[in-house]
Amino acid sequence: MTDWSAMTDAEFRKEVRQFFEAEYPEELRHLPHRPKFAEIEHWHRKLHAKGWVAPAWPAEFGGMGLNAAKLLIFYEEQQRWGVNRGRDMGVQMVGPLIIKFGTQEQKDYWLPRILSCEDIWCQGYSEPGAGSDLANLRTRAEIDGDDFVINGQKIWTTMAHDATHIFMLVRTDPDAPKKQQGISFLLAPMDQPGVEVRTITTLSGETEFCEVFFDNARTPRENLVGELNKGWTMAKALLSFERIFIGSPSLAQNALGQLESFARGRGAFDDPVFRDRFAQAALDVEDHAALYARFADQLKRGETLGADVSMLKIWVTECFQRITELMIEAAGPDGGSIGPLQVGNVSVDVLASFYKARPTTIYGGSNEIQRNILSKAVLGLPG
Amino acid sequence: MTQTDILSSEQEDLRLLRESARTLFERAGGSDRARKLRDARGGFDAEMVRELAEAGVFGVAVPEDQGGLGMGLAAGGVIAEEVGRVIAPEPVVSTIGLSLGLLRRLCPDHPKMAQLIGGEISLAVAWQERGPDGAPADATCRYADGKLTGGKAWVVGAIGSHGFLVVAEQDDGPVLVLAEADAQGLVIDKQTQADGSSLGELSFSGTPAAELASSGAVLTALAEAVADATALAAAELVGLSERAFEITLDYIKTREQFDKPIGSFQVIQHRAVDLNVMCEVAQAGVREALAQMDSETDPKVRAPIASRAKARAVTAAKKITRDAIQLHGAVGYTDEFDIGLYLNRALVLSAWLGDDAYHRRIWFEAREAEGAAQ
Ligand SMILES: Cc1cc2nc3c(=O)[nH]c(=O)nc-3n(C[C@H](O)[C@H](O)[C@H](O)COP(=O)(O)OP(=O)(O)OC[C@H]3O[C@@H](n4cnc5c(N)ncnc54)[C@H](O)[C@@H]3O)c2cc1C
């Protein structure tokens, strides 16, 4: 196993870059849509063989065990080369939770399967009545012999139609005095009669997310992670990790690169107004990266992140949106056109980027909710 | 009649026109109709075109002595707003502004005029060209010996049109010609747009076409027609923005989170107010611009007025439709909810004939030029 910490950051960057450039399939670069697993399976196999599926996980669980600085480099290089994140909900979300709260058996069983993508995960938190107000969730799980029996509905479940398992928040004690109490964290297989998945078409015509219906679906009791009725606290613990991930500069950096080559090819930089707006966007990304590094350092020192990490997500998602809006501007009369636009030898799918940027201010805790958090928890404003 | 009487009777005309256009579109199915046509990839509805023609829609800005209603661009704007409200896919603005705008200025006696006004045919105007870098470029499409050679890009309404009004170059200057849709050597490439409509990229190789007009008058008329269409597109965006705002307002009143309607959160309330103000400013600005264009004859003055209208309308429509998605949350990102249709249509109308940044530049340049001339 490689000891990455023995390497300088520059050496590490070089190694990662070389691997991506040499091994990543050309046809998968800068994919404009979320791929199904089959589409990226050959790449995943390579990554798995190399042991690079989970850069953030500790080495003992099959991860790369990277520190925050090297992790940042890894993601930067990934974005720079347009390497698809793959079906990473297992690696990014459920894996860290199992590592932190799971039993030894759960770790031994689930973690290798996440790495190999034998299991492909989707996230079942949101429900029709539980979006921003997640604690309002109603999907029930009741103990019945050795199983939990699940009834209810999840919605907006990204790629559920291509997942084998769902990790979910369910209500296990409907009589708890507070909404946040009585919620548990469960793992469940999707391939069973009690689970029905219906895809939802997005406004750009993609099928990315789904409704998932549970009608007496079952999952073994040992698939409860952490304590019964303590799921909310665990999910929250995961949130700060999720927020630094979601607040990373990568999406905006990638979009900025595309904007630059597109705008240059189209001659948009001849216009001083456009130049100014590009420079603004570029500096927004650069300075955000500086702020991000500050939080990353905190992680590196082993500190836990506070509520203030929300500012990363607010800044970078809104910046990402502005960048894609500039792409549309640079496209001029092609600004309403679906599909890749050719400029010289590059092609940029302007609207795909635009559409991808829209929901980033909605999911992962909407930006309004993040602002509520910052104003109360960080600025100490009353209310 | 006093001046005020005339003014208010004109406004009464526009009010009646708005009512009848709204009734017509609502009876036909409102925005559901747009969704159905998009899903059927049917382009637009020929029956609807005839109904609109019967109501006098296409000839609204054509002078009475040329077979129209002679109500001016202001009336065209009223109709365009109603088109925008229900995101109707019919080529209303492009017909009133571009095809009839060109013909009525260059060859008002041509039989196609009456056919266009009567909704029997539609003609698409092909005037822009794509350069090697993909951006708009100077015209190089040639017309000689009755035949066209070259290409045209970003042709609105190309699919389903009966022919093309093509602005081309011949030896002694610009020319407007008519090529039939099934003419020999004409290839039409479709570029699908966010709202399901298409832009045509045309290529001509010795395509037969009939000359309609020539000389410098062609370019003057083109600039005028483009200015008309630009201002009308602004009006369409205003109608679209208003409806998108109404849909959103309804939604935030009814969607509950944290045991209350999300519209009870102050940040949402302020957002809604800002969008509403933006909508009203755009409506006032665009309506005023259209009225001014009706009373101005100097093309140099009319063009920046059109730019003012489009710049405002695009800025408003972009902000309103994008915030509308945000305020809807995830359902706003679905195809099932109408609000996405409005976002997509706004993308297309914003890109057509220049976005807000483009028109602010044009407006400023015209203002500078005027200042220098004085
Ligand atoms: C593309 C996409 C992928 C997703 N993937 C998943 C997934 O895989 N798994 C999953 O579980 N969920 C997923 N989600 C759901 C996501 O987590 C929710 O959309 C999010 O929590 C917001 O909930 P909502 O959509 O119900 O909006 P709502 O909560 O109804 O919010 C509507 C609007 O009101 C605002 N608002 C709500 N409450 C307040 C308040 N108190 N103060 C101020 N403003 C407020 C919101 O910010 C928003 O603008 C996804 C969503 C999207 C768009």
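We name chains A, B, ... by the order of the sequence lines, and we start the count at 1 in each one.
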So which residue, [options], ends up with the most heavy-atom pairs under 4.5 Å with chain A?
| options | answer |
| --- | --- |
| B/Val348, B/Thr334, B/Asp355 | B/Thr334 |
| B/Asp356, B/Leu353, B/Ile262, B/Val331 | B/Val331 |
| B/Arg255, B/Gln257, B/Lys318 | B/Gln257 |
| B/Ala135, B/Gly340, B/Ala330, B/Ser198 | B/Ala330 |

Greater than 12 external heavy atoms within 6.0 Å of [X]'s [atom1]:
| X | atom1 | answer |
| --- | --- | --- |
| A/Arg371 | CZ | yes |
| B/Asp138 | CG | no |
| A/Phe269 | CZ | yes |
| B/Arg41 | CZ | no |
| A/Trp232 | CH2 | yes |
| B/Glu336 | CD | no |
| B/Arg308 | CZ | yes |

Given heavy-atom pairs under 4.5 angstrom as the criterion, report whether the side chain, backbone, both or neither of [X] touches chain B.
| X | answer |
| --- | --- |
| A/Ala268 | neither |
| A/Ile369 | side chain |
| A/Ile200 | side chain |
| A/Asp271 | side chain |
| A/Ile155 | neither |

Residue part contacting chain A, namely of B/Leu343, when any heavy atom lies under 4.5 Å: side chain

Region of B/Trp154 that comes under 4.5 Å of a non-hydrogen atom in chain A: side chain

Main-chain N/O of A/Ser337 paired with B/Gln191 side-chain donor or acceptor, under 3.5 Å: no

Exam field: side chain B/Tyr333 to backbone A/Tyr355, donor-acceptor pair closer than 3.5 Å: yes

With the side chain counted from C-beta on, respond yes when [X] and [Y] share a heavy-atom pair under 4.5 Å apart, and no when they do not.
| X | Y | value |
| --- | --- | --- |
| A/Leu203 | B/Ile325 | yes |
| A/Gln321 | B/Arg322 | no |
| A/Asp334 | B/Arg130 | yes |
| B/Gln326 | A/Ile362 | yes |

What's the spacing between [X] [atom1] and [Y] [atom2] if we round to 0.5 Å?
| X | Y | atom1 | atom2 | value |
| --- | --- | --- | --- | --- |
| A/Leu351 | B/Asn344 | CG | CG | 8.0 Å |
| B/Phe258 | A/Asn136 | CZ | CG | 9.0 Å |
| B/Leu347 | A/Glu325 | CG | CD | 9.5 Å |
| A/Ile338 | B/Asp195 | CD1 | CG | 8.5 Å |
| A/Thr361 | B/Asp323 | OG1 | CG | 9.0 Å |

Count the heavy-atom pairs under 4.5 Å between each of [options] and chain B, then report the option with the highest count.
| options | answer |
| --- | --- |
| A/Tyr363, A/Phe354, A/Phe209 | A/Phe354 |
| A/Pro333, A/Gly267, A/Gly335, A/Pro128 | A/Pro333 |
| A/Gly336, A/Gly129, A/Ser126 | A/Gly336 |

